[in-house]
2 protein chains.
Amino acid sequence: MDRRVTKKGDDDASGKERPTLKTLAFMTGLGVTTVSRALKDAPEIGAETRRRVQLVAKQIGYRPNRAGVRLRTGKTNVISLVLNTEHELMSFVSDIIYGVTEVIADTPYHLIVTPYSRSQDPLDPVRYLVETGSADGVIISRTQPNDPRARYMLEHGIPFATHGRTDMGLVHPYHDFDNYAFAGEAVRYLAGRGRNRLALVTPPVGLTYYGHTVNGFADALSEVGASEVPFNTVSIDQSIEQIRTRTAQLMRRKDRPDGFVSSAAAATLAIVAGIEDAGLKLGRDVDVVSKQSSELLHLFRRELLVVNENFRLAGSELARAVLGWIGGKDPGSLQSLSTPSEVLPYRG
Amino acid sequence: MDRRVTKKGDDDASGKERPTLKTLAFMTGLGVTTVSRALKDAPEIGAETRRRVQLVAKQIGYRPNRAGVRLRTGKTNVISLVLNTEHELMSFVSDIIYGVTEVIADTPYHLIVTPYSRSQDPLDPVRYLVETGSADGVIISRTQPNDPRARYMLEHGIPFATHGRTDMGLVHPYHDFDNYAFAGEAVRYLAGRGRNRLALVTPPVGLTYYGHTVNGFADALSEVGASEVPFNTVSIDQSIEQIRTRTAQLMRRKDRPDGFVSSAAAATLAIVAGIEDAGLKLGRDVDVVSKQSSELLHLFRRELLVVNENFRLAGSELARAVLGWIGGKDPGSLQSLSTPSEVLPYRG
DNA sequence: TTGGCAATCTGTAACGTTTCAGTATATTGA
DNA sequence: TCAATATACTGAAACGTTACAGATTGCCAA
């Protein structure tokens, strides 16, 4: 009875509790509304009041309560990165995360990682995010020409960016590496070294950049007059062991290739192992051009020819794109394509 | 005037809006409070009512609003993984994230990644998380014997787990790989192959497992009667180039080692490159035992001797530990140590 | 003097949830 | 039979924020 309980109205500047708008209002002698507006530079607040409020806010280290903002406005200040837990490249995960965090570092945004596994429909995590309103923006990878996730997000009006392009006649932000150019450069480089029977280690079938890579490869082949040694049983998201044994089989055949173009560093390790399993020597019997995202391949074999793909940059670009869309920019203006470096031989 | 604005009370089952407790209350004819309690199996709700509410909730796909819960209770349902954007191993980032997400997949928890860079105090991100109440639990890596972050979080009562142990006489959950055992096994294995002048490529100086590794190395050296070739200028978070050139320098000396123990796969690549730069041959002139977290080293050089460290497991254990602490378990009971595999030579 | 208007500021309600303090009804003990 | 008590439910308040609809003041034109 008559127990003193914490009641509305007793606002102490005593210290230990996190400051809220109410705290600021009490300290400045203003109303909560005024403080709120002063902090976001609303026009109807007097210049001096604005400065005063912002000063006090900085002094006591006021930080808006995310839950309050989110509940009231629906804005989560969260970007979600949707990742496949089985098929993403290790370096991709690490670099893209750092790229994203670099960009959102001086914004109120947090990055959440939303995983999905082989057994799930890739649409699941996206649907979850949209249905629960868990993010203001989404980044997806492993993009397909006809991508249900992109379609779904467009329909539901949530900003997103894709790593890789789609081909549905729909406009959305993306960042992509120019794999058409990569494959072409690789073929031309190999042709320049006299290689003319080339095999392609493709990206995962079904992803958009599979098509880009295959086309770049084919177009350059006919341009330089080289021929393709079919190697369709292999793609980069197979296991190291599979790639290795199939490469070894291929290299034991009479009509073996004298050059490889590989879309990923991990696969390249397996390719080289397979080549050597067959008793052949890299650089003498066969040349390999490979994409890589870190500087490791030249430590592995100096004879390798590499093209660098910068996933950290991809992460930054994707983050910038999503934030841009959230901020109201035209999605069509938030698309970027990264041009491959030249093919780089080892230099001590 | 008299404009009809959306008002309290008009609750439509019309469809497009996300269902809330109010929606459920309306549909079941119960009060919001009752619905809330029924959903969390509170004791004072009748068995049938409970079932009815839960059924309807499932039917219409009710999901509690995170912002509502968070605002009211302070519970964020967020775990934060704090990562250094420059020094973490690539494979570490990727695997630990997947390990964590695996465990939190069937919980309401989200994973946020909180980065910090070389230039920042490692305490900064942790302080941020605590001050803004952005997470219910935190996972940190690069743990030090006297770790200010762990101390800070203990003082502020936020549950956390560390990858690696501390040595401050304070109890908290951790997961660690037994690097003392690893270094010891490595030395014994090398000794078994007749190697007796060994160099250690250490973890970053200052981290707890630096000490564990160094001690395991030293103790096993004296146990087997081998000697150490000092290689203190190198640790695994140096650049590939630095490690490589310093290794080459070392290997050109008369008193060069005939065995290496390396704490990380990336460093091992550089070590091998350095060895070969000096004109020596792996397996003949020198043996290298290395930790690795993916199966790549044997593709790189068959002569390498490897010990596997499972970062995905680490992620899972750390997540389990944090959730356990959040759930009220005794932090002292949430510590785990992972025992290294034996040293594995290549087997075709 | 008055009405109008711009410039500043303010109280209230609402976002969705949980907790507190009840209320209503049925059940029990004596 | 009556009070005590258990059972099952409920409304109101509060978490921190922003949007809405005022309120107050001062100034200027008529």
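Convention: sequence-line order gives letters A, B, ...; per-chain numbering from 1.
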Using side-chain heavy atoms (C-beta onward) and a distance below 4.5 Å, is B:Leu111 in contact with B:Val78?
no

Out of C:dT18, D:dT17, D:dC15, which nucleotide sits closest to the side chain of B:Leu71?
D:dC15

Rounded to whole Å, the CZ-P distance (B:Arg51 to D:dA8) equals 12 Å

Using the ring centroid of each side chain, check whether A:His172 and A:Phe160 are separated by less than 6.0 Å.
yes

For the pair A:Arg320 and A:Glu317, find out whether any cationic side-chain nitrogen is under 4.0 Å from an anionic carboxylate oxygen.
yes

Measure from CZ on B:Phe26 to P on C:dG16 and round the result to the nearest Å.
16 Å

Just list the side-chain donor-acceptor pairs under 3.5 Å for residues 130-140 of chain A, sequence neighbours left out, or say none.
unit_1	atom_1	unit_2	atom_2	d
A:Thr132	OG1	A:Tyr128	O	2.7
A:Thr132	OG1	A:Ser134	OG	2.6
A:Asp136	OD1	A:Thr76	N	2.9
A:Asp136	OD1	A:Thr76	OG1	2.8
A:Asp136	OD2	A:Thr76	N	3.2
A:Asp136	OD2	A:Thr76	OG1	3.3
A:Asp136	OD2	A:Asn77	N	2.7

Tell me: CG of A:Leu24 to P of D:dT18, nearest whole Å?
12 Å

Considering only nitrogen or oxygen atoms on both sides, find all protein atoms under 3.5 Å from nucleotides 10-12 of chain C and state each distance.
unit_1	atom_1	unit_2	atom_2	d
C:dT10	OP2	A:Gly31	N	2.7
C:dT10	OP2	A:Thr34	OG1	2.6
C:dG11	N7	A:Thr33	OG1	3.2
C:dG11	O6	A:Thr33	OG1	2.7

Given D:dC9, C:dT17, D:dG16, the nucleotide with the shortest approach to the side chain of B:Thr49
D:dC9

Distance (rounded to the nearest 0.5 Å) between B:Arg51 CZ and B:Ile45 CD1
13.5 Å

Go nucleotide by nucleotide along DNA chain C from the 5' end; which of A:Gly46 and B:Ser36 gets its closest nucleotide reached first?
A:Gly46

Just the rounded figure in Å: distance from C1' of D:dC15 to CG of A:Leu21.
13 Å

Can you list everything that forms a side chain to side chain donor-acceptor pair (under 3.5 Å) with B:Asp176? Sequence neighbours excluded, please.
B:Arg165

What residue pairs, at least two apart or across chains, pass ring pair (Phe, Tyr, Trp, His ring centres under 6.0 Å) with a residue in residues 27-55 of chain B?
none

Interatomic distance, CG@A:Leu30 vs CZ@A:Arg37, rounded to 0.5 Å, equals 13.0 Å

Please give, in whole Å, the distance from D:dC9 C1' to B:Leu39 CG?
15 Å

Return the value, rounded to whole Å, for the distance between atom CZ of B:Arg70 and atom P of D:dG16.
13 Å

What pairs meet the ring pair (Phe, Tyr, Trp, His ring centres under 6.0 Å) rule with one or both residues in residues 39-67 of chain A, with sequence neighbours excluded?
none

Report the residue (B:Glu44 or A:Arg72) whose heavy-atom-nearest nucleotide on DNA chain D is the more 5′ of the two.
B:Glu44

Could you work out how much the helix from C:dT1-D:dA30 to C:dA30-D:dT1 bends, comparing the axis of its first five pairs with that of its last five, to 10°?
60°

Ignoring the backbone of B:Lys22, work out which of D:dC9, C:dC9, C:dC15 is nearest its side chain.
C:dC15

Distance, rounded to the nearest Å, where A:Arg63 contributes CZ and D:dC15 contributes C1':
20 Å

What's the CD-P distance between A:Glu17 and D:dC15, to the nearest Å?
11 Å

